[in-house]
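None of these values were measured; they are calculated from a predicted model.
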Amino acid sequence: QTAKGLWSVYSIITIACIGCFVAVGMPFDDALLHAFSTMGLGGFSSHDSSFGYFNSPAMEAVCVFFMLLAGINFATHFLVITRRSIKPYIVDKEAHAFLLVMLFSVLIITYFLWRERVYPDWITAFRYAAFNVVSIATTTGLATTDFNLWPAFAPVWMLFLCCFSTAAGSTGGGIKMVRAQLLLKQSYAELRRLVHPRALIVVKLNGRPIGTSVLYSILAFVLLYGATIIACTMLMLFSGADVVTGFTAVIACINSTGPGLNQVGPATTYAVLTDFQIWICSIAMLLGRLE
């Protein structure tokens with residue numbers, strides 16, 4: 001019943017995405033493919049220039065909206081639809097954190113691109129920042145421009161976001177926002193214990209206490225996640241890749257994001273890598289989806 005409910009919610013939102021794409025002028029076949037790509041946060045496009053092919057602010061706005069929906073726990077969407085109430089959105093702290101991180105990141109990168117004169121005005125900078133930041137942060141991988149050419153802060157920040165931004169129960173990759181939240185809460189609790197060693201400090205999320213076994217499993221998961229990134233990156237460097245290409249390719253693969261930087265940026269493909277490097281990236285993708 002749970003699986004049927006989640007599939008129903010996924011199907012309803014996907015159909016809505018197709019309808020919205022068609023409504024803003026996208027051909028039906030493209031709308032169908034890009035709706036699947038958007039809701040699955042998969043990032044495949046029917047055009048070499050990805051979503052930039054359409055050059056339409058309206059289509060980009062629709063895509064951003066549905067990428068954000070896909071980055072939220074589908075169980076929360078299920079509760080909203082079945083209860084006919086938005087209260088589940090209001091009480092879901094993970095969704096709040098996800099949306100706040102997205103908003104902050106879009107604004108700071110918009111300002112950065114405008115300050116660095118990458119784009120002539122604030123509106124244009126906001127348009128490109130909003131789409132590409134949300135796309136990479138949600139591990140979708142669609143692009144409207146070659147952000148590999150942006151000053152380094154912006155693309156590196158975007159790849160950092162893809163490591164943790166999406167919610168558990170979403171179609172995104174990475175370690176998930178809930179694990180990042182609990183890791184931060186546990187770190188803060190340990191700092192408080194240093195100051196108040198006899199205090200009883202309980203880590204909570206959504207008003208519920210979190211057991212130590214859960215926190216320890218998250219710490220172990222993050223340790224293995226980091227160790228996997230380091231090991232795969234070192235293998236990439238051993239095989240002759242440069243630091244930027246090797247590291248970002250591993251980050252993009254383990255988080256199922258798609259484009260990295262330098263030789264594997266959004267304007268190129270992984271075909272530039274050697275067979276050995278492609279095997280490393282393939283293993284990283286499998287490990288990333290296994291969590």
Answer with yes or no whether the side chains of Trp157 and Ser105 bring together a donor and an acceptor at under 3.5 Å. yes
Could you check whether atom CG of Asp275 has more than 12 heavy atoms from other residues, nucleotides or ligands sitting under 6.0 Å from it? no
Might you point out which heavy atoms bring Val64 and Ala130 nearest each other, and give the distance in Å? CG2-O, 4.1 Å
d(Ser256 OG, Arg289 CZ) to nearest 0.5 Å is 4.5 Å
Can you check whether Met236's main-chain N or O pairs, donor with acceptor, with Ser239's side chain at less than 3.5 Å? yes
Nearest-0.5 Å distance that lies between atom CG in Leu107 and atom CE in Met102: 11.5 Å
Between the side chains of Thr76 and Asp92, is a donor N or O closer than 3.5 angstrom to an acceptor N or O? yes
Nearest heavy-atom contact between Pro151 and Pro155 is O-CD, 3.0 Å
Should Cys63 and His34 count as side-chain neighbours, where that means a heavy-atom distance under 4.5 Å? no
Are there more than 12 heavy atoms of other residues, nucleotides or ligands under 6.0 Å from atom CZ of Phe126? no
About how many Å separate SG of Cys17 and CD1 of Ile12, when rounded to the nearest 0.5 Å? 14.0 Å
Do Leu41 and Leu287 belong together in a cluster built from hydrophobic side chains that touch within less than 4.5 Å? no
Same apolar cluster: Val156 and Val134, side chain cutoff 4.5 Å: yes
Is there a continuous path of hydrophobic side-chain contacts, each under 4.5 Å between heavy atoms, that joins Leu219 to Ile230? no
Minimum heavy-atom separation for Ala252 and Pro259, please, with both atom names. CB-O, 3.6 Å
Residue pair Leu161 / Ala137: nearest heavy atoms and the distance that separates them: CB-CB, 3.7 Å
Side chains of Thr145 and Asn132, donor plus acceptor under 3.5 Å: no
So do the side chains of Lys87 and Val91 get within less than 4.5 Å of each other, counting heavy atoms only? yes
Any sub-3.5 Å donor-acceptor pair from Ser50's side-chain atoms to Gly52's backbone N or O? no
Polar side-chain atom of Arg193 near backbone of Ile201 as donor-acceptor pair, under 3.5 Å: yes
From Asp29 CG over to Ser46 OG, what is the distance, rounded to the nearest 0.5 angstrom? 7.0 Å
Results of side-chain contact (heavy atoms from CB on, under 4.5 Å) for Thr245 - residues two or more places apart only: Asp242, Asn262, Gln263, Val264, Leu273
What distance separates Thr171 OG1 from Ile72 CD1, expressed to the nearest 0.5 Å? 11.0 Å
Verify, without hydrogens or angle tests, whether Thr140 (side chain) and Ile136 (backbone) share a donor-acceptor contact under 3.5 angstrom. no
Min side-chain heavy-atom separation Gln186-Leu183 under 4.5 Å: no
Is it true that Leu33 and Ile13 fall in one hydrophobic cluster, defined by side-chain heavy atoms closer than 4.5 Å? no
Counting distance only, does the side-chain N/O of Thr38 pair as donor-acceptor with the main-chain N or O of Met67 below 3.5 Å? no
Any heavy-atom pair between the side chains of Leu142 and Ser45 that's under 4.5 Å? yes
Residue pair Leu205 / Gln181, side-chain heavy-atom distance below 4.5 Å: yes
Decide if the gap between the ring center of Phe131 and the ring center of Tyr128 is smaller than 6.0 angstrom. no
What pair of heavy atoms forms the shortest contact from Phe98 to Ser165, and how long is it? CD1-O, 3.1 Å
Say whether, by atom type as modelled, one donor and one acceptor occur between the side chain of Thr110 and the main chain of Val106 under 3.5 angstrom. yes
Residue from Phe153, Trp150, Trp122 passing ring-ring contact (aromatic ring centres under 6.0 Å, His included) with Phe112: Phe153
I need the full list of ring pair (Phe, Tyr, Trp, His ring centres under 6.0 Å) pairs touching residues 65-92, with sequence neighbours left out, sorted by first then second residue. Tyr10-Phe74, Phe74-His77, His77-Tyr89
State whether the side chain of Asn73 and the backbone N or O of Ser170 hold a donor-acceptor pair below 3.5 Å, judged by distance alone. no
Of the non-hydrogen atoms in Gly173 and Thr166, which two are nearest, and what is the gap between them? O-OG1, 2.9 Å
Is it true that a side-chain atom of Ser217 and a backbone atom of Val214 form a donor plus acceptor pair closer than 3.5 Å? yes
Would Val80 and Ile90 show up in the same hydrophobic cluster when neighbours are defined by side-chain heavy atoms closer than 4.5 Å? yes
Please confirm whether the backbone N or O of Gly141 pairs with a side-chain atom of Ser135, one donor and one acceptor, at under 3.5 Å? yes
Phe247 meets the ring pair (Phe, Tyr, Trp, His ring centres under 6.0 Å) criterion, sequence neighbours left out, with none
Can Asn255 and Thr139 be counted as having a side-chain donor-acceptor contact under 3.5 angstrom? no
Distance col, row Leu261:CG vs Leu149:CG, nearest 0.5 angstrom, shows 10.5 Å
Should we count CG of Leu194 as having more than 12 external heavy atoms under 6.0 Å? yes
On the 0 to 90° scale, with breaks at 30° and 60°, tag the Phe51-Phe21 ring pair as parallel, tilted or perpendicular. tilted
Check whether any side-chain heavy atom of Tyr119 sits under 4.5 Å from a side-chain heavy atom of Arg127, and report yes or no. no
Does the side chain of Pro27 come within less than 4.5 Å of Asp30's, by heavy atoms? yes
Please indicate whether Asp121 has more than 12 foreign heavy atoms, meaning atoms of other residues, nucleotides or ligands, lying under 6.0 Å from its CG. yes
Note, Thr257 side chain near Ile251 side chain (heavy atom, < 4.5 Å): no
Would you say Thr274's side chain and Gln277's backbone share a donor-acceptor pair under 3.5 angstrom? yes
Report yes or no: is the cationic atom of Arg179 (NZ for Lys, CZ for Arg) under 6.0 Å from the centre of the six-membered ring of Phe164, at an angle within 45° of the ring normal? no
Check the surroundings of atom CZ in Arg208: do more than 12 heavy atoms from other residues, nucleotides or ligands lie under 6.0 Å from it? no
